[in-house]
Amino acid sequence: MVSENANFTKDDAVLVLEDGQVYVGEPYGAHGATTGEIVFATGMTGYQETLTDPSYDRQIVVQTFPHIGDTGVNHEDPESSRIWVAGYVVREPSPNVSNWRAEGSLDGDLEANGIVGLADIDTRKLVRHLRSAGVMRAGIFSGDALLGDDGRLKDVDDLLEAVKATPRMQGLSLYDEVSTKEAYTIEPCGEFEGKEPLYTVAAVDLGIKAMTPHRMAERGCRVHVVPSTITFEELTALDPDGVFFSNGPGDPEQAGPEVELLRKVLDAGYPFFGICFGNQLLGRALGFGTYKLKFGHRGINQPVKDLTTGKVEVTAHNHGFAVDAPIGETVDAPFEGGRYGKVFVSHIDLNDDVVEGLQCVDIPAFSVQYHPEAAAGPHDAAYLFDRFCDLMKNNPRDSRADSKEGK
């Protein structure tokens, strides 16, 4: 059913949800048309990191915090080479930019990158609706996109038709779309700059954020960031001490090749660490299922409990899918009757008990569903990079070679 509040002019921007709700506001960023899955992010800061997070590919992001754009944009904070969101919705754009690091305005950056946005709507009402109805497909239309071939305003039904022609997120494979096409290397930095690396990591880019390999480099790692299309033979040629699978967009059920690659990594005994999409792929490699959340977790203020320590962390999230695994017990990994030994859920979200981490008992592998690189966000989970380094330290390449020779 179409919303009653559907009166608009060619100077407006119109948000249409697939269930027929319509929100009329002001154009923000570029004019035009965009469609995708509409989701909401709860961070009060970090909008530039949000916009450039590849995990938001093909998603329209609604900021729940009402005032956005105060600090402008700069060339230091992006998490990738471009803005990935399909569209952007805010309540009240800042009329001024006030920060010593600012190099431009958010509005100008969105416009320069062709990102269609909308402002001056009741985002609180919109988010409450998405929480109850669940995330869904939507479209933002402004400028000429509101006009038909005859120059007249389109009907809402015409806009709704474009929304319903948009593919659903469930069933989409997107990680190849956002992955790097060429491998590149991040050398150790900070106190380890110019020194021989303590460890070498092969990081499979499924939508990686720039701060993630940086956090490893700060700990003395040389990080080879490689395309999602890498073969196991190409990966082993890097002679890594450990393997990392990054965050990324899309449905983990559509990532069969990456699951098979990960199983080869586990079979070979490489220490493994995965975050976000990488956590979902570890779950699937171990034989667990995944499912789509009603509205997901997106923001930098999600409470997570580490069940191994009892510690509660405030963490950064961006995921719409989760692993279906039993909480509170150690079980045999379901794949091939326990081929990978025992596993348990290591972290849970305290808001809804969603699985937020997996810990293998008999093989050197673990993962978390959130973003410990904290860009943007709190640093409570930075210890996970130390845990990965400890895993590589305690499972050196020599021991793997010795075990293979002994077989």
Practice item. Quick one: do T185 and H224 satisfy side chain to side chain donor-acceptor pair (under 3.5 Å)? Show the steps, please. Key: CA-CA 4 Å; T185 301; H224 298 296; 2.9 Å; yes

With a 4.0 Å cut-off on N to O distance, would you call [X] and [Y] a salt bridge?
X	Y	result
E161	K164	no
E18	R168	yes
K10	D144	no
R58	E177	yes
D306	K311	no
R91	D122	no

[X] (side chain) donor-acceptor with [Y] (main chain) under 3.5 angstrom:
X	Y	value
D155	D158	no
E37	M136	no
E260	P257	no
T35	G139	no
Q48	N74	yes
N394	D390	yes
R219	R215	yes
T315	Q302	yes

Check your understanding: Should the pair F277 and Y175 be assigned to parallel (<30°), tilted (30 to 60°) or perpendicular (>60°) ring geometry?
Key -> tilted

Exercise for review: Output all residues satisfying salt bridge (Lys or Arg N to Asp or Glu O under 4.0 Å) with D77, sequence neighbours left out; order by chain, then residue number.
Suggested key: R101

Can you find a side-chain donor-acceptor pair between [X] and [Y] that sits under 3.5 Å?
X	Y	result
T71	N99	no
N318	D53	yes
D205	T180	no

Check your understanding: Taking the six-membered ring of F335, is NZ or CZ of R263 closer than 6.0 Å to its centre and within 45° of its axis?
Key -> yes

Check your understanding: What are the two closest non-hydrogen atoms of D57 and M169, and how far apart are they?
Key -> O-CE, 3.9 Å

Review point. Which heavy-atom pair separates P240 from Y270 by the least distance, and what is that distance?
Key: O-CE2, 3.5 Å

Check your understanding: So do L238 and T200 actually touch side chain to side chain, heavy atoms under 4.5 Å?
Key -> no

**Study point:** Residue that, paired with F244, satisfies ring-ring contact (aromatic ring centres under 6.0 Å, His included) out of F366, Y199, F273
**Key:** F273

**Study point:** F245-F272 aromatic ring centre distance below 6.0 Å
**Key:** yes

